[in-house]
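Single-structure report; data block below.
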There are 2 protein chains.
Amino acid sequence: MTHFFREKLKERGLKVTPQRVAIYEAIVNLKNHPTAENVIEYIKTNHPNISVGTVYKVLDSLVENELLKKVKTEKDIMRYDAILSNHHHLYCIETERIEDYEDENLNVLISNYFKNKKIKNFKVQDIKLQITGKFNK
Amino acid sequence: MTHFFREKLKERGLKVTPQRVAIYEAIVNLKNHPTAENVIEYIKTNHPNISVGTVYKVLDSLVENELLKKVKTEKDIMRYDAILSNHHHLYCIETERIEDYEDENLNVLISNYFKNKKIKNFKVQDIKLQITGKFNK
DNA sequence: TATCCAAAAGATAATCATTCTTATTTAGGA
DNA sequence: TCCTAAATAAGAATGATTATCTTTTGGATA
């Protein structure tokens with residue numbers, strides 16, 4: 001489970017520390033794109049000695065090294081995503097819920113569209129849909 | 001210019017104050033989806049007495065009343081958008097630049113796609129593209 | 001036009017997520 | 001096992017945002 005993660009750390013020249021593993025596992029296990037605070041709360045049970053500053057620092061370095069992604073939101077609280085494959089996000093208009101949305105047909109549709117339609121003065125690297133609406137349950 | 005804005009305020013039962021007008025004009029005139037701080041700096045010249053708290057409060061109430069929108073970002077600093085029509089955003093991977101991207105064909109393409117393809121347990125209200133990449137200049 | 005009052009603004013203190021600093025610990029190579 | 005740069009812990013500092021409390025004012029009413 002964490003093998004992929006450990007290997008990636010080594011690739012990047014980062015040391016494999018229990019803190020990093022615990023924080024990464026927290027992001028993976030916590031659904032709904034957790035905040036730093038969610039992570040701190042989650043790891044408290046099994047790793048009560050990990051300090052708050054460490055959590056922030058580890059999250060930052062994992063984003064920088066492309067092991068996590070930040071999720072764009074309208075809030076001033078940062079949220080993180082462990083899924084690196086191409087996917088989109090469903091944002092609830094009423095709550096803070098954010099779900100992943102994977103749709104290969106959609107990816108193809110959009111990437112085909114932008115093959116022909118270039119945006120002037122802009123080189124596209126990635127396209128994500130920000131789908132806002134309401135969950136039924 | 002601000003006629004639309006004044007009317008909208010009245011519709012919503014909000015008082016038309018010089019502060020609200022100045023802050024709205026700042027958002028409209030400042031390109032690149034300004035932060036509260038950008039607004040404070042901008043209005044300082046002509047309205048040196050508007051307090052910081054007022055700027056935040058006005059921005060919040062304008063968002064709540066659908067006269068402005070918040071822009072989703074990966075930063076903990078909020079940014080605002082005065083354009084209410086359906087459009088997308090180009091995010092620079094290297095700087096904080098965010099540009100609007102309007103593309104009616106794209107809107108049609110996507111809305112057609114989601115006419116057939118329903119997302120289970122989710123009622124779509126709005127779809128925006130987050131296009132990340134690099135500006136040429 | 002003057003009066004009135006709820007809404008809005010001003011001033012500033014408080015909050016809280018995040019960052020920084022410094023001392024201590026540790027992963028992992030030699 | 002030793003060594004050292006990297007990582008962590010603890011807690012102070014920062015900075016955007018929010019809250020509080022007093023004063024001012026837009027605009028409805030008389």
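Just so it is clear, the model here is predicted, and its values are computed rather than measured. Throughout, a chain's letter reflects where its sequence line sits, starting with A, and its residues are numbered from 1.
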Rounded interatomic separation in angstrom, taking [atom1] from [X] and [atom2] from [N]:
X: B:L14; N: D:dT25; atom1: CG; atom2: P; answer: 19 Å
X: A:R20; N: C:dT26; atom1: CZ; atom2: P; answer: 15 Å
X: A:D76; N: C:dT19; atom1: CG; atom2: C1'; answer: 15 Å
X: A:K10; N: D:dA6; atom1: NZ; atom2: C1'; answer: 16 Å
X: B:R12; N: C:dA7; atom1: CZ; atom2: C1'; answer: 17 Å
X: A:M78; N: C:dC16; atom1: CE; atom2: C1'; answer: 14 Å
X: A:I50; N: C:dT24; atom1: CD1; atom2: C1'; answer: 17 Å
X: B:I23; N: C:dA9; atom1: CD1; atom2: P; answer: 7 Å

Given [options], identify the nucleotide with an atom nearest to the side chain of [X].
X: B:K15; options: D:dT20, C:dA27, D:dG26; value: D:dG26
X: A:S51; options: C:dA11, D:dA9, D:dT18; value: D:dA9
X: A:V52; options: C:dA6, D:dT20, C:dT18; value: C:dT18
X: A:A36; options: C:dA8, C:dT18, C:dG10; value: C:dT18
X: B:I77; options: D:dA16, C:dG10, C:dA8; value: D:dA16

Self-check item: Heavy-atom side-chain contact between A:Y80 and A:L59 under 4.5 Å
Solution: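 The answer is yes, as the side chains (C-beta and beyond) meet within the 4.5 Å cut-off.
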Quiz item: Checking B:R79 side chain against B:N32 main chain: does a donor-acceptor pair fall under 3.5 Å?
Solution: yes
Practice problem: Please determine which of B:H89, B:K31, B:H88 meets the side chain to side chain donor-acceptor pair (under 3.5 Å) test together with B:D100. | Solution: B:H89
Exercise. Map B:P18 and A:G53 onto DNA chain D by nearest heavy atom, then report which one ends up closer to the 5' terminus.
Key: A:G53
Would you please confirm or rule out a distance under 4.0 Å between OP1 or OP2 of [N] and any side-chain N or O of [X]?
X: A:T35; N: C:dA17; result: no
X: B:Y56; N: D:dT18; result: no
X: B:Q19; N: D:dT25; result: no
X: A:T54; N: D:dA7; result: no

Exercise. Please assess B:R12 against B:E66 for the test salt bridge (Lys or Arg N to Asp or Glu O under 4.0 Å), listing each intermediate value before the final yes or no.
Key: CA-CA 10 Å; B:R12 296 287 181 156; B:E66 296 172 7; 3.4 Å; yes
Quiz item: Do the ring planes of B:F4 and B:Y24 sit parallel (below 30°), tilted (30 to 60°) or perpendicular (above 60°)?
Solution: tilted
